[in-house]
Amino acid sequence: MTTMTEASVREFKMPDVGEGLTEAEILKWYVQPGDTVTDGQVVCEVETAKAAVELPIPYDGVVRDLHFPEGTTVDVGTAIISVDVGGGSAAPASAAEQPAAAQPAAAALAEEPKAAGSGRQPVLVGYGVATSSTRRRPRKGPEVPVQQASTAIQTELNGHAPTAPEPARAAAQAAPAGLDRPLAKPPVRKLAKDLGVDLTTVVPTGPDGIITREDVHAAVAAAVPAAPEPSVASAPAAAPASYDTARETRIPVKGVRKATAAAMVGSAFTAPHVTEFVTVDVTRTMKLVEELKADKEFAGLRVNPLLLIAKALLVAIRRNPDVNASWDEAAQEIVVKHYVNLGIAAATPRGLIVPNIKDAHAKTLPQLAESLGELVATARDGKTSPAAMQGGTVTITNVGVFGVDTGTPILNPGESAILAVGAIKPQPWVHKGKVKPRQVTTLALSFDHRLVDGELGSKVLADVAAILEQPKRLITWA
C-alpha cells in the first residue's frame with residue numbers, strides 16, 4: 001500500500017479569470033474528495049463580478065481536499081483544491097516561496113505538461129493565460145471549514161467551454177474493455193448527462209468523430225418540441241440566494257448584480273445624460289421581418305424586429321459617426337471609434353449584463369442575425385464570458401419585451417449612447433390621410449451630452465426612426 005506524501009500533492013489556486021479581478025465565488029463543485037480527475041477536466045464553476053466561469057484542473061490525480069464549500073468568496077491566488085498527483089512528482093514551491101498575490105492561474109498552470117509538438121492552450125474562455133500579478137483584497141472573514149461538495153450538476157454548459165486537451169487514458173479508464181465509447185470531452189459528457197442525452201445516439205460532427213456541444217444540443221432539439229422563441233432581455237432575472245426572516249427577505253448584493261450597480265451609479269453621476277424620444281410607425285418593418293423569415297438566406301437563423309432595429313442603428317451610426325465615441329477624462333479627449341461593438345442588454349439568471357457583438361458594423365444582415373442568436377443563447381444560459389462584455393461602443397436595450405412603452409436608459413460605462421426600444425403594438429395612426437391601426441413603437445435615445453450635442457443625438461434618433469418606418473432605406477442609405 002502506497003502512502004500519500006505531501007510531495008505528491010498539488011494545490012490548484014483560484015485564478016484571475018478576468019481583467020484584474022481580485023476574488024470569485026465558488027458556485028458549484030463538480031468533484032469531491034476521492035474522485036479521480038484528469039488534465040483539462042472541469043472541477044468547479046465560479047462567479048466573478050462579470051460572469052460565471054468553469055475552471056479545469058491542469059493535471060491528473062485524485063482529489064484530496066476541497067478547501068472551501070460552495071457559496072464561499074475566495075481571493076485570487078488562494079488554493080481551493082488539493083490533488084494527489086502520485087508518481088513521485090515534485091512538490092510545488094511552498095506558500096512562503098510563492099506569494100499568493102503573484103500566483104494567479106498562470107502560475108498554477110505553468111506546471112501543466114505540454115502535449116508533444118504543441119503549445120499551451122488557453123484555459124479560460126475569452127482570454128489566455130494571465131501574465132501579470134493581481135492585487136488581493138483582505139479576507140472578509142475566517143476560512144469556512146471544508147464541507148463535502150455536492151455532486152448534483154444543474155447548470156448547463158455553454159458552447160465556449162475550455163479546450164484543454166483530454167488525455168486518451170481518461171477514456172480508456174472510464175470505458176469497459178471491449179466497449180466502443182463515443183468520443184467526447186468531459187464538459188460535453190457532463191452537458192449530455194445534464195440534458196439526459198445518450199451519447200451513443202448522437203451523430204458526431206467534430207474532427208475525428210468527436211461529439212461537440214452543438215451535436216448534443218441538436219440531439220435535444222430533435223427530440224423536444226421547439227419552445228417559443230425567446231427575446232433578448234425577456235428572461236426574468238432570478239434572485240440570488242436569499243435570507244428569509246419572519247417579515248422580510250435579504251438578498252446579498254454580489255457578483256454580477258454588485259458590478260452592475262456600481263457601474264450604473266458611476267455612469268449616472270459621471271456622464272451628463274440627455275434622453276430624446278420618438279414614436280414611429282413600424283408596420284413596414286414588421287412585414288419585412290415576416291418576409292425575411294421565409295427567405296432561404298435566413299434559414300435556421302432567428303429573425304425578429306430587434307435584428308432590423310440593430311441594423312437601423314448601425315446605418316444611423318455610419319451616417320453620424322461622431323456619436324460612436326467615448327470620453328477620455330485623463331487625456332481630456334473625445335475618442336471617436338471607427339468600429340461598432342454593438343451591446344445588447346440582456347436579463348439573465350445572474351442579473352443584467354451587456355454582451356456585445358464585435359465589429360457589428362462590418363456584418364451583413366444574415367451575419368448579424370447569426371451573432372444575435374448566439375448572443376441570446378449564451379446570455380440565456382448564463383455563460384457569457386467576460387471578454388464578450390468588454391469594449392462595447394453603443395448599446396440597445398429592448399424594454400418592449402416586458403410590455404413597457406419606453407424608458408430613460410442609463411449609459412453603459414464608457415459608451416456615448418444607448419437606444420431603448422419600447423413595445424410594438426397596434427395603435428390608431430394617420431396613414432395616407434386616414435386613421436388606421438398600425439404597428440407603432442416608441443424609441444428613446446440617451447446620450448452623453450459632453451460629446452454628443454442635441455443636434456447629433458437628434459439626427460441619430462431620427463435616422464433610426466426613418467429606417468424603421470421605411471426599411472428600404474437600409475438599401476438606399478447603405
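- With sequence neighbours excluded, no residue satisfies ring-ring contact (aromatic ring centres under 6.0 Å, His included) with His431.
- Rounding to the nearest 0.5 angstrom, the gap separating the CD1 atom in Ile309 from the OG1 atom in Thr285 is 8.0 Å.
- Salt bridge Glu45/Lys383: present, at least one basic N to carboxylate O contact under 4.0 Å.
- Between Arg438 and Arg284 the shortest side-chain heavy-atom distance falls below 4.5 Å.
- For the residue pair Pro409 and Thr397, the shortest heavy atom distance occurs at CB-CG2, 4.0 Å.
- Annotation: side chain of Arg318 is in contact with side chain of Val315 (closest heavy-atom distance under 4.5 Å).
- Shown here for Ser326 and Leu451, the closest heavy-atom pair between the two residues is C-CD2, 3.6 Å.
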Start with the C-alpha distance between Ile418 and Asn412, add both sets of side-chain angles, then the distance that settles side chain to side chain contact (heavy atoms under 4.5 Å, CB included), and finish with yes or no.
CA-CA 7 Å; Ile418 178 171; Asn412 202 34; 5.7 Å; no
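- Taking every heavy atom of both residues into account, Gly457 and Leu445 meet most closely at O-CD2, 3.5 Å.
- When all heavy atoms of Phe277 and Gly407 are compared, the pair lying nearest together is CE2-O, 3.5 Å.
- With hydrogens and angles disregarded, a donor-acceptor distance shorter than 3.5 Å links the side chain of Thr441 to the backbone of Ala423.
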Under the criterion side chain to side chain contact (heavy atoms under 4.5 Å, CB included), I'd like the reasoning laid out for Leu292 against Leu308: C-alpha separation, chi angles, the key distance, then a yes or no.
CA-CA 10 Å; Leu292 292 179; Leu308 296 184; 4.0 Å; yes
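- Not a single donor-acceptor pair under 3.5 Å links the side chain of Ser416 to the backbone N or O of Phe447.
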Decide side chain to side chain contact (heavy atoms under 4.5 Å, CB included) for Asn398 and Ile344; before the verdict, give the C-alpha distance in whole Å, the side-chain angles of both, and the deciding distance to 0.1 Å.
CA-CA 8 Å; Asn398 187 7; Ile344 305 294; over 6 Å; no
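- Applying the side chain to side chain donor-acceptor pair (under 3.5 Å) rule to pairs touching residues 442-455 yields Thr275-Ser446, Thr279-Thr442, Asp448-Arg450, Glu455-Lys459, sequence neighbours excluded.
- No side-chain heavy atom of Met14 sits under 4.5 Å from any side-chain heavy atom of Asp75.
- We find that Lys293 and Glu290 are joined by a salt bridge, their nearest charged nitrogen and carboxylate oxygen being less than 4.0 Å apart.
- Interatomic distance, Lys28 NZ to Glu47 CD, rounded to the nearest 0.5 Å: 13.5 Å.
- Just one of Asp295, Leu307, Leu301 meets the side-chain contact (heavy atoms from CB on, under 4.5 Å) condition when paired with Pro366; it is Leu301.
- For the pair Asn356 (side chain) and Asn341 (backbone), a donor-acceptor distance under 3.5 Å is absent.
- Residues Leu419 and Leu461 are in side-chain contact: their nearest non-hydrogen atoms beyond the backbone lie under 4.5 Å apart.
- Side chain of His273 to backbone of Leu411: a donor-acceptor contact under 3.5 angstrom is found.
- In this structure the side chain of Val323 never reaches within 4.5 angstrom of the side chain of Val394, judged on heavy atoms.
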Go through Glu333 and Trp327 one step at a time and tell me if the side chain to side chain contact (heavy atoms under 4.5 Å, CB included) criterion holds.
CA-CA 6 Å; Glu333 294 175 340; Trp327 181 271; over 6 Å; no
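- Screening Leu474, Ile467, Leu368 for a side-chain contact (heavy atoms from CB on, under 4.5 Å) with Leu314, the sole residue that qualifies is Leu368.
- Thr384 has its side chain within reach of Met389: a pair of non-hydrogen atoms, C-beta onward, lies under 4.5 Å apart.
- Of the inter-residue distances, the one linking Ile396 atom CD1 with Leu306 atom CG reads 5.5 Å to the nearest 0.5 angstrom.
- Residue Phe68 comes nearest to Ala79 through the heavy atom pair CE1-O, 3.3 Å, listed as atom of the first residue, atom of the second, then distance.
- Side chain of Thr393 to main chain of Asn324: no donor-acceptor pair is present (N/O by atom type, distance under 3.5 Å, no hydrogens or angles).
- With hydrogens and angles disregarded, a donor-acceptor distance shorter than 3.5 Å links the side chain of Asp215 to the backbone of Thr212.
- Although no hydrogens or angles enter the test, the distance criterion places a donor-acceptor pair under 3.5 Å between the side chain of Glu70 and the main chain of Trp29.
- Between Val460 and Asp463 the shortest side-chain heavy-atom distance does not fall below 4.5 Å.
- Side-chain contact check for Asp328 versus Ile334: every heavy-atom pair is 4.5 Å or farther apart.
- Interatomic distance, NE2 of His361 versus NZ of Lys337, reported as 12.5 Å (0.5 Å rounding).
- Among all heavy-atom pairs drawn from Val46 and Ile26, the shortest one is CG1-CA, 4.2 Å.
- Separating the SG atom in Cys44 from the CD1 atom in Ile81 is a distance of 7.0 Å, to the nearest 0.5 Å.
- Annotation: salt bridge (Lys or Arg N to Asp or Glu O under 4.0 Å) contacts involving residues 405-421, sequence neighbours excluded, comprise Asp405-Lys425.
- In this structure, Thr78 OG1 and Lys13 NZ are separated by 9.0 Å, a value rounded to the nearest 0.5 Å.
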